[in-house]
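All remarks here apply to the structure that follows.
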Amino acid sequence: MSRALVLDGVVKRFARGGAVLDGVSLALGAGTTLALLGTSGSGKSTLLRIVAGLETPEAGRVTLGDTLVNDPRSRLPAHLRRVGMVFQDLELWPDRTTADNIAFGLAGRPRGRAALEHPRVRALAARLGIEALLARRPDSLSGGERQRAALARTLAPEPDVLLLDEPLANLDAERRADLIGLLAGLAHEGGPTTLLVTHDPGEALALGARVAVLAAGRIAEEGPGQELYSRPRTTAAARALGAANLVPARREARGWATALGLLEAARADDATARCVLVRPENLRVGPVGARETDRPGVEALVRAVWACPRDFAVQAQVGELTFEGRSAVALEPGRRARLSVEGAVAGLDLDPSILTPAKEHVA
């Protein structure tokens with residue numbers, strides 16, 4: 001079973017500072033997954049703790065299904081919310097075996113042989129690939145194994161809502177890919193409503209059907225991950241979701257006038273924007289005179305080049321502006337190159353109340 005999760009105008013203040021959360025509103029349908037993306041210290045973990053019942057907001061509403069769980073007159077305690085949370089530091093019991101840890105949230109909290117033989121413990125351990133580790137304690141497990149044990153413990157009592165705090169932190173590339181597959185599989189198998197927080201855009205795009213960006217205590221933007229990546233409306237989302245060239249622009253009848261030339265507009269309704277987004281993979285860099293396409297382009301000075309898995313990243317300067325693009329060949333720093341933009345570009349809203357305008361740009 002899963003339940004919808006709705007946050008409406010949630011405010012949280014701490015004694016020595018302002019509001020870390022300043023009116024956060026989000027809605028997750030039952031059984032859906034949303035990734036909340038934001039910088040360290042932006043309040044992401046605090047929001048999870050509010051949903052779990054471990055923190056109390058100063059204002060706003062938290063609703064699980066049809067139940068308002070933070071009503072001051074009848075606040076629902078954490079242990080009755082049917083919310084499971086995997087903490088960033090995992091918080092496994094060090095003096096208990098893996099089986100004991102997984103069984104901790106089950107009725108009667110079975111330990112020892114009862115935990116080892118419990119059907120729910122064994123089923124989750126098999127699903128997460130840790131069946132051979134059930135008799136071992138956390139200090140003998142690798143980081144990835146501890147992460148799986150913590151996830152199994154959280155899933156054991158079959159929560160309606162799953163909260164994940166930086167679920168892939170401190171894992172190597174192989175373990176990250178493995179756990180992404182496991183979490184994505186749970187989402188497709190009709191698992192609990194899931195809210196995960198991360199500062200990693202790749203993680204957010206991989207695990208969140210929808211992505212929301214938390215900036216300056218508020219939700220700057222929310223939407224389908226790939227749409228938010230390619231055509232955001234705010235500078236906060238553009239920066240949060242990956243490397244971004246934010247290019248000062250002026251809207252004209254034929255498109256955007258920029259230092260990279262006249263660029264095609266992705267939307268008709270963003271004419272008041274003052275800059276546009278060009279992702280590095282859409283800014284192609286090549287030798288002067290080598291025209292691979294008929295796209296218009298401008299000349300630039302190559303400042304730096306480094307290898308990527310499939311091509312080369314290039315930092316290039318046009319006038320006083322510096323951009324990051326991609327090249328099929330290793331260009332030489334100090335030489336001239338040609339920059340051209342692939343596809344249409346989106347104008348960005350520079351709302352001064354919550355966002356920091358881009359003055360120049362390199363990602």
Side-chain angles (χ1 to χ4, degrees), residues 1-2 31-35 45 48 52 82-209 225 309:
M1 180 180 175
S2 59
T32 62
T33 299
L34 183 137
S45 297
L48 290 191
R82 294 195 55 77
V83 171
M85 182 168 174
V86 179
F87 296 88
Q88 190 171 352
D89 58 6
L90 305 182
E91 296 194 4
L92 293 169
W93 297 96
D95 60 338
R96 296 175 182 246
T97 66
T98 299
D100 290 344
N101 268 283
I102 296 173
F104 184 79
L106 297 175
R109 294 183 180 174
R111 293 191 67 173
R113 181 166 294 279
L116 276 169
E117 296 177 353
H118 195 287
R120 179 66 175 162
V121 171
R122 299 202 70 84
L124 281 169
R127 176 69 180 85
L128 295 172
I130 54 173
E131 201 168 11
L133 309 175
L134 288 176
R136 292 167 55 180
R137 294 190 177 184
D139 61 1
S140 70
L141 305 181
S142 70
E145 290 166 347
R146 287 195 297 271
Q147 202 89 348
R148 289 162 178 260
L151 180 59
R153 181 186 61 182
T154 303
L155 293 173
E158 300 183 86
D160 296 338
V161 175
L162 176 63
L163 307 176
L164 301 174
D165 193 356
E166 302 281 0
L168 306 182
N170 305 317
L171 297 181
D172 59 39
E174 182 180 359
R175 296 303 180 196
R176 283 170 61 88
D178 196 20
L179 200 55
I180 283 175
L182 284 169
L183 291 171
L186 288 172
H188 287 295
E189 291 169 8
T193 303
T194 301
L195 175 61
L196 68 95
V197 304
T198 180
H199 66 275
D200 185 303
E203 186 176 316
L205 292 169
L207 295 175

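When a residue number appears, it is its place in the shown sequence, counting from 1.
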Checklist entry - Are the side chain of Asp178 and the backbone N or O of Glu174 linked by a donor-acceptor pair below 3.5 Å? => result no

Checklist entry - Can you check whether Leu134 reaches Arg122 side chain to side chain, under 4.5 Å on heavy atoms? => result yes

Item to check | pair Leu196-Leu183: side-chain heavy atoms closer than 4.5 Å | outcome: no

Checklist entry - So do the side chains of Leu207 and Ile180 get within less than 4.5 Å of each other, counting heavy atoms only? => result yes

Checklist entry - Hey, are Arg176 and Asp200 close enough for a salt bridge, meaning a charged N less than 4.0 Å from a carboxylate O? => result yes

Item to check | Side-chain heavy-atom pair Leu155, Leu162 within 4.5 angstrom cut-off | outcome: yes

Next on the checklist: side chain to side chain contact (heavy atoms under 4.5 Å, CB included), that's the test. Do Leu195 and Leu48 meet it? Break it down for me.
Outcome noted: CA-CA 8 Å; Leu195 175 61; Leu48 290 191; 3.7 Å; yes

Checklist outcome for this item: Closest heavy-atom pair, Ala152 versus Leu128, reported as atoms and distance to 0.1 Å, is CB-CD1, 3.5 Å

Checklist entry - Is a side-chain donor or acceptor of Glu145 paired with a backbone partner of Ser142 at a separation under 3.5 angstrom? => result yes

Next on the checklist: Please check this pair: side chain of Thr194 against backbone of Pro192, looking for a donor-acceptor N/O pair closer than 3.5 Å.
Outcome noted: yes

Item to check | Sidechain-backbone polar pair: Arg82 side chain, Asp160 backbone, donor-acceptor under 3.5 Å | outcome: no

Next on the checklist: Strictly distance-based, threshold 3.5 Å: is any side-chain N or O of Arg137 a donor or acceptor partner for the main-chain N or O of Pro94?
Outcome noted: no

Checklist entry - Are Leu124 and Ile130 close enough, and set up right, to give a side chain to side chain contact (heavy atoms under 4.5 Å, CB included), and what steps lead you there? => result CA-CA 8 Å; Leu124 281 169; Ile130 54 173; over 6 Å; no

Item to check | Donor-acceptor contact below 3.5 Å, side chain Asp165 vs main chain Val86 | outcome: no

Checklist entry - Closest approach of Ala103 and Pro110, non-hydrogen atoms and distance? => result CB-O, 3.5 Å

Checklist entry - Any side-chain heavy-atom pair from Leu179 and Gln147 closer than 4.5 angstrom? => result yes

Item to check | Backbone N/O of Thr98 and side chain of Arg153: donor-acceptor pair under 3.5 Å | outcome: no

Checklist entry - Atom OG1 of Thr198 and atom CD of Gln88: how far apart are they, to the nearest 0.5 Å? => result 9.0 Å

Checklist entry - For the residue pair Arg120 and Ala156, what are the closest heavy atoms and their distance? => result NE-O, 2.9 Å

Next on the checklist: So which atom in Glu203 and which in Val197 form the shortest heavy-atom distance, rounded to 0.1 Å?
Outcome noted: OE2-O, 4.4 Å

Checklist entry - So, for Pro138 and Leu92, which heavy atoms are closest and what is the spacing to 0.1 Å? => result CG-CB, 3.9 Å

Checklist outcome for this item: Note: Leu116 and Ala99 closest approach over all heavy atoms is CD2-CB, 3.8 Å

Next on the checklist: To the closest 0.5 Å, what do you measure between CG (Asp100) and NE2 (His118)?
Outcome noted: 12.0 Å

Checklist entry - Does any N or O in the side chain of Arg136 come within less than 3.5 Å of the main-chain N or O of Ser140, such that one atom is a donor and the other an acceptor? => result yes

Next on the checklist: Closer than 3.5 angstrom, by distance alone: can the side chain of Thr193 be matched with the main-chain N or O of Gly31 as a donor-acceptor pair?
Outcome noted: yes

Next on the checklist: What I'd like to find out is whether the side chain of Val161 reaches to under 4.5 Å of the side chain of Ser2, using heavy atoms alone.
Outcome noted: no

Next on the checklist: Would Leu182 and Arg127 count as a side chain to side chain contact (heavy atoms under 4.5 Å, CB included) here? Give the steps.
Outcome noted: CA-CA 9 Å; Leu182 284 169; Arg127 176 69 180 85; 3.2 Å; yes

Item to check | CZ-CZ distance between Arg148 and Arg146, expressed to the nearest 0.5 angstrom | outcome: 13.5 Å

